[in-house]
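Naming convention: chains lettered A, B, ... in sequence-line order (proteins, then strands); numbering from 1 in each chain.
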Amino acid sequence: MSSMSNKTFAEKCYSILLKVPEGKVTTYKDIAHALDSKAYRAVGMAMSKNPNIPTVPCHRVVCSDGSLGGYALGVPRKAQMLKDEGIDIRSGAVSDLDNFRYRFT
DNA sequence: TATTTGACCAAGA
DNA sequence: ATCTTGGCCAAAT
């Protein structure tokens, strides 16, 4: 049998992130919130440990203010991928984040 | 077990 | 609008 908590916090983050479709983004805070947690910093840690790129679309996770946050393969790559999905990036941030934000609930 | 580390966030001396 | 600060929490050390 599996251990008592068969999913780590990081694994839960990856699961929830898989729901975010191409052309949409989410934020570190929103993922934490979806997990009924305030551990938004820990969400960033989980992304940095990098599951399989691009199976788990961690390039779609940005900061609450629309700035891009980080990316294991470099922020410029993250920006390009988002643009390729049709997301408007201006001055290193998602413009009109509210329009591109995916809602979990 | 205790401390340190981060792809964060909100408020504002 | 930008920068600093204190707080946040899971994982790694």
Identify each atom pair where a protein N or O and an N or O of nucleotides 11-13 of chain C are less than 3.5 Å apart, giving names and distance.
unit_1: C:dA11; atom_1: OP1; unit_2: A:F9; atom_2: N; d: 2.6
unit_1: C:dA11; atom_1: OP1; unit_2: A:A10; atom_2: N; d: 3.2
unit_1: C:dA11; atom_1: O3'; unit_2: A:K49; atom_2: NZ; d: 2.6
unit_1: C:dA12; atom_1: OP1; unit_2: A:K49; atom_2: NZ; d: 3.3

Could you go step by step and tell me if A:D98 and A:R103 meet the salt bridge (Lys or Arg N to Asp or Glu O under 4.0 Å) rule?
CA-CA 10 Å; A:D98 204 51; A:R103 285 151 213 283; 3.1 Å; yes
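- Against DNA chain B, the stretch residues 60-89 of chain A makes heavy-atom approaches under 4.0 Å through A:C63, A:S64, A:G70, A:Y71, A:A72, A:K78.
- In this structure, the side chain of A:K78 does not engage the main chain of A:G69 through any donor-acceptor pair within 3.5 Å.
- When each of A:L68, A:D88, A:T27 is tested with A:V94 by the rule side-chain contact (heavy atoms from CB on, under 4.5 Å), just one qualifies, namely A:L68.
- Remark: C1' of C:dC9 and NZ of A:K29 are 15 Å apart, rounded to the nearest angstrom.
- A:K24 and A:E85 are not joined by a salt bridge, as no carboxylate oxygen comes within less than 4.0 angstrom of a charged side-chain nitrogen.
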Expected rows: protein N/O vs nucleotides 1-7 of chain C N/O, under 3.5 Å:
unit_1: C:dG7; atom_1: O6; unit_2: A:R41; atom_2: NH1; d: 3.0

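- Contact record, A:A42 with A:F9: CB-CE2, 3.8 Å, taken as the closest heavy-atom pair.
- Between A:R41 and A:Y28 the shortest side-chain heavy-atom distance does not fall below 4.5 Å.
- Proximity of A:Y102 to A:D30: side-chain heavy atoms (C-beta onward) are nowhere separated by under 4.5 Å.
- For A:K38 and C:dC8, the shortest distance from a side-chain N or O to OP1 or OP2 is not below 4.0 Å.
- If you chain together hydrophobic residues whose side chains sit under 4.5 Å apart, A:V61 and A:M81 never meet in one group.
- Across all their heavy atoms, A:L18 and A:T55 have their closest contact at CD2-O, 3.4 Å.
- Side-chain contact between A:R60 and A:E22: present, with at least one pair of heavy atoms (C-beta onward) separated by less than 4.5 Å.
- Protein chain A contacts DNA chain B from B:dG6 to B:dA10, reading 5' to 3' and using non-hydrogen atoms of the protein with a distance under 4.0 Å.
- Remark: C:dT2 base-pairs with no nucleotide; criterion is Watson-Crick or G-U wobble with both hydrogen-bond distances under 3.5 Å.
- A:S67 pairs by the side-chain contact (heavy atoms from CB on, under 4.5 Å) definition with A:C63, A:D65, not counting sequence neighbours.
- Partners of A:L73 according to the side-chain contact (heavy atoms from CB on, under 4.5 Å) rule, which considers only residues two or more places apart in sequence or in another chain, are A:N50, A:I53, A:Y71, A:R77.
- Between the side chains of A:K19 and A:T26, no donor N or O sits under 3.5 Å from an acceptor N or O.
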